[in-house]
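All values derive from a computational prediction rather than experimental measurement.
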Amino acid sequence: MRWALFVGSLAVTLLVGVWALQVPAPRGPDTDATAFSAARAMTDVRAIAARPHPVGSADHARVQQYLFGRMTQLGLNPQLQSGALSPESVTRLTQWGGDPAAAGNQAVNIVGVLPGLDTSRPAVLMMAHYDSAWSSPGAADDASGVASILEAVRAIKARGALERTLIVLITDAEELNLDGARIFFSEHPLRDRVGAVINLEARGGGGRAFMFETGRGNAETVDVYAQAARRADGGASSSSLAVFVYENMPNGTDFTIPKNRGVGGMNFAFIGRPSQYHSPTSTPENLDQGALQHIGSQALEATDALLRGDPTLPRQGQNAVYGDYLGLGVISHTPSFGWVLLGLTAAFGAFAAWGARHATGLKASDVGRGMLSGVWVLSMGIVVAHGVRVLAGPLSARAESAEVYYTLLRRLPWMEAGTGLAMAAVALALLAGREALGRKLLAGVVILAVAASLILGGFDPIVLGAGVVALGLSLWSQSAPRTVWGGWLGLIAFVFVLGCAAQAAAPEAALILIWPGLLAAFAAADAALIGARLEKPRALVPAVLATVIGGAWILTLSHQVFLGVGMDLPGALALMTVLILLFVTPLAPKAKGTLAAAAAACLILACGLSLTARFAEPAPPPSATGPT
């Protein structure tokens, strides 16, 4: 029965997680006029992305003329706005093999306006860029964004008169240095009328579209997004964790420019099918039309809500802590409410510990050993993730060359599968018990993984430090818990401590720890109430439900995290492994040898998949040109 609960709950969790990552079905050309249709938007994608159209090329002029005509058809009365290319853009364009003189050393934006009933109100601006990378047709980046805006404008007009004005800005030279957005927000007379921005981007050719960035102080913006996403095909896809991570990354999009001016809004992108990023394969035929439907529908509903909503656009205040749950809706609360959730976690955990002590004689020292197990999983996970990941190629992708970076993007699905299996191996090793695998074997795995990471990936103090911790805990016989309750409550306590630290330092990111910790503590309290000895199947039902409910959410977040940072920071999945174990630990079967064998098989397969990536996606011959 325990095997059935263990395997069954993990299988359902995987199925639910995969289901939640699917894109909506693209709507056809006969869709109601007030709705977004990917089929209608594809007409513009095919025209824009027929060929590469970087700044200064003949096709760039062709696309500019086409878009001017389309915006005229939509009643936007477009105008061209020219401005000088930055020195950085001139240098990059020359490196690509382009001729800045052919572009007149200028970027040319296309600006259109759809007047609202009350022109005194701040306007809403929709923005995407029409230039492509040098060798890519750019069907995703960013023909999909431009086409989505055109289709959204058509649908907005079909819905009737607007309360406030809509400005459409199709920028130029984004791929070079965000020049078009800089020119508009520094020179155009409409720049001071903009009260909110909706920007559309892509890094890849498909997958669910994330709302990954907002203006600062985003609580009111998130409320608008949550309401709009309920009406969008495919639902919501966003979290304050993504906003926090992107805020601390060196990347930038056109949205960076108004954001730095204090303008709020939403930035959307899809980043699946990464092999198509800045690639010749980014053609209309290869574009995921479900991703187009998702990004376009979200952008339409968010923009329409801003245009027809409250007289006051979302104001800058405090940041919200929020996340979507499997695309079904958005859960949101204030940053300070995180402390309340941590208090509830402590209360549920204390009740579970009280019940376990009375039923099984649980000792505090065993809970302490369970906390050390959490440290072991985190440190071991970081080491193994990096060790397996470097088998697919160097970690410092951006520091190598453009060729290396884009080669690794093509290998990213292999890396994700390999790293995921490596994390499964670490989790199974914990559930089997370190004695079942042998402490010397575990120590050998740590040493090999650290050596592979440092030799193939370069010196990394985090990996080295994690390796020292993992090695010490692997060899220390007193570090493993003696009971199921000790292991389960120890992991909950470990995540609780991490959650308190995150809540104090970055409450917007703390949800990744606080929400699963609360769910696990609640499940533990229920289990203690139903049957604290954890012997009867009904006592394990709370853990089964928590595994499916919380595990599916963690799996979807894991996929998003790996697409975003997994190439450089595969160890991020180690934390996700700890969170999955919060729910699964009490369900582990007692057949430790079988679990140990499964752990070994997963690790071997993980190494094989990462190595296979080198052959499945070989590096191209070195090139002197190409986008970075």
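- For the pairing with Phe562, the side chain to side chain contact (heavy atoms under 4.5 Å, CB included) check across Met576, Met567, Met415 returns one residue only, Met415.
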Requested in this report: Any chance you could lay out the side-chain hydrogen bond (donor to acceptor under 3.5 Å, both in side chains) test for Arg434 and Ser479, step after step, and finish with the verdict?
Outcome: CA-CA 10 Å; Arg434 275 157 271 181; Ser479 65; 3.0 Å; yes
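- A donor-acceptor pair shorter than 3.5 Å can be found between the side chains of Thr253 and Asn267.
- Judged by distance alone, the side chain of Gln316 and the main-chain N or O of Val263 form no donor-acceptor pair under 3.5 Å.
- For Arg261, the salt bridge (charged side-chain N to carboxylate O under 4.0 Å, His left out) partners are Asp192, not counting sequence neighbours.
- With values rounded to the nearest 0.5 angstrom, Gln478 atom CD is found 11.0 Å from Leu372 atom CG.
- Residues forming a salt bridge (charged side-chain N to carboxylate O under 4.0 Å, His left out) with Asp526 (at least two apart in sequence, or on another chain): none.
- Between Phe351 and Trp354, the two ring planes are tilted [angle within 30° to 60°].
- Atom CZ of Arg315 is surrounded by 12 or fewer heavy atoms from other residues, nucleotides or ligands within 6.0 Å.
- Proximity of a side-chain donor or acceptor of His294 to a complementary backbone N or O of Val23 within less than 3.5 Å is not detected.
- Across all their heavy atoms, Leu511 and Ser240 have their closest contact at CD2-OG, 3.6 Å.
- For the pair Lys363/Thr483, no side-chain contact is recorded, criterion being any heavy-atom separation below 4.5 Å from C-beta on.
- Shown here is Lys592, whose NZ atom has more than 12 heavy atoms of other residues, nucleotides or ligands within 6.0 Å.
- Counting non-hydrogen atoms of neighbouring residues, nucleotides and ligands closer than 6.0 angstrom, the CZ atom of Arg357 reaches no more than 12 such neighbours.
- Applying the ring-ring contact (aromatic ring centres under 6.0 Å, His included) test to Phe212 and every residue at least two apart in sequence or in another chain returns Tyr246.
- Listed by chain and number, the residues in a salt bridge (charged side-chain N to carboxylate O under 4.0 Å, His left out) with Arg230 amount to none (sequence neighbours excluded).
- The CG atom of Leu540 sits 11.0 Å away from the CG atom of Leu545 when rounded to the nearest 0.5 Å.
- Using modelled atom types, one side-chain atom of Arg411 and one backbone atom of Ala392 make a donor-acceptor pair closer than 3.5 Å.
- No more than 12 heavy-atom neighbours from other residues, nucleotides or ligands sit within 6.0 angstrom of CD1 on Ile462.
- With a 4.5 Å cut-off on side-chain heavy atoms, Ser474 and Val446 count as touching.
- Here the side chain of Ser610 pairs no donor or acceptor atom with the backbone of Cys607 at under 3.5 angstrom.
- For Glu435, the salt bridge (charged side-chain N to carboxylate O under 4.0 Å, His left out) partners are Arg439, not counting sequence neighbours.
- When every heavy atom of Asp324 is checked against every heavy atom of Ser237, the shortest pair comes out as OD1-CA, 3.5 Å.
- Among residues two or more places apart in sequence or in another chain, the side-chain contact (heavy atoms from CB on, under 4.5 Å) test is passed with Ala429 by Trp376, Leu437, Ala599.
- With Asn260 contributing its side chain and Thr256 its backbone, the two residues share a donor-acceptor pair below 3.5 Å.
- For the side chain to side chain contact (heavy atoms under 4.5 Å, CB included) with Leu5, the lone residue among Leu10, Thr547, Val544 that qualifies is Val544.
- Of all non-hydrogen atoms in Gly486 and Leu362, the two that sit nearest each other are N-CD1, 3.7 Å.
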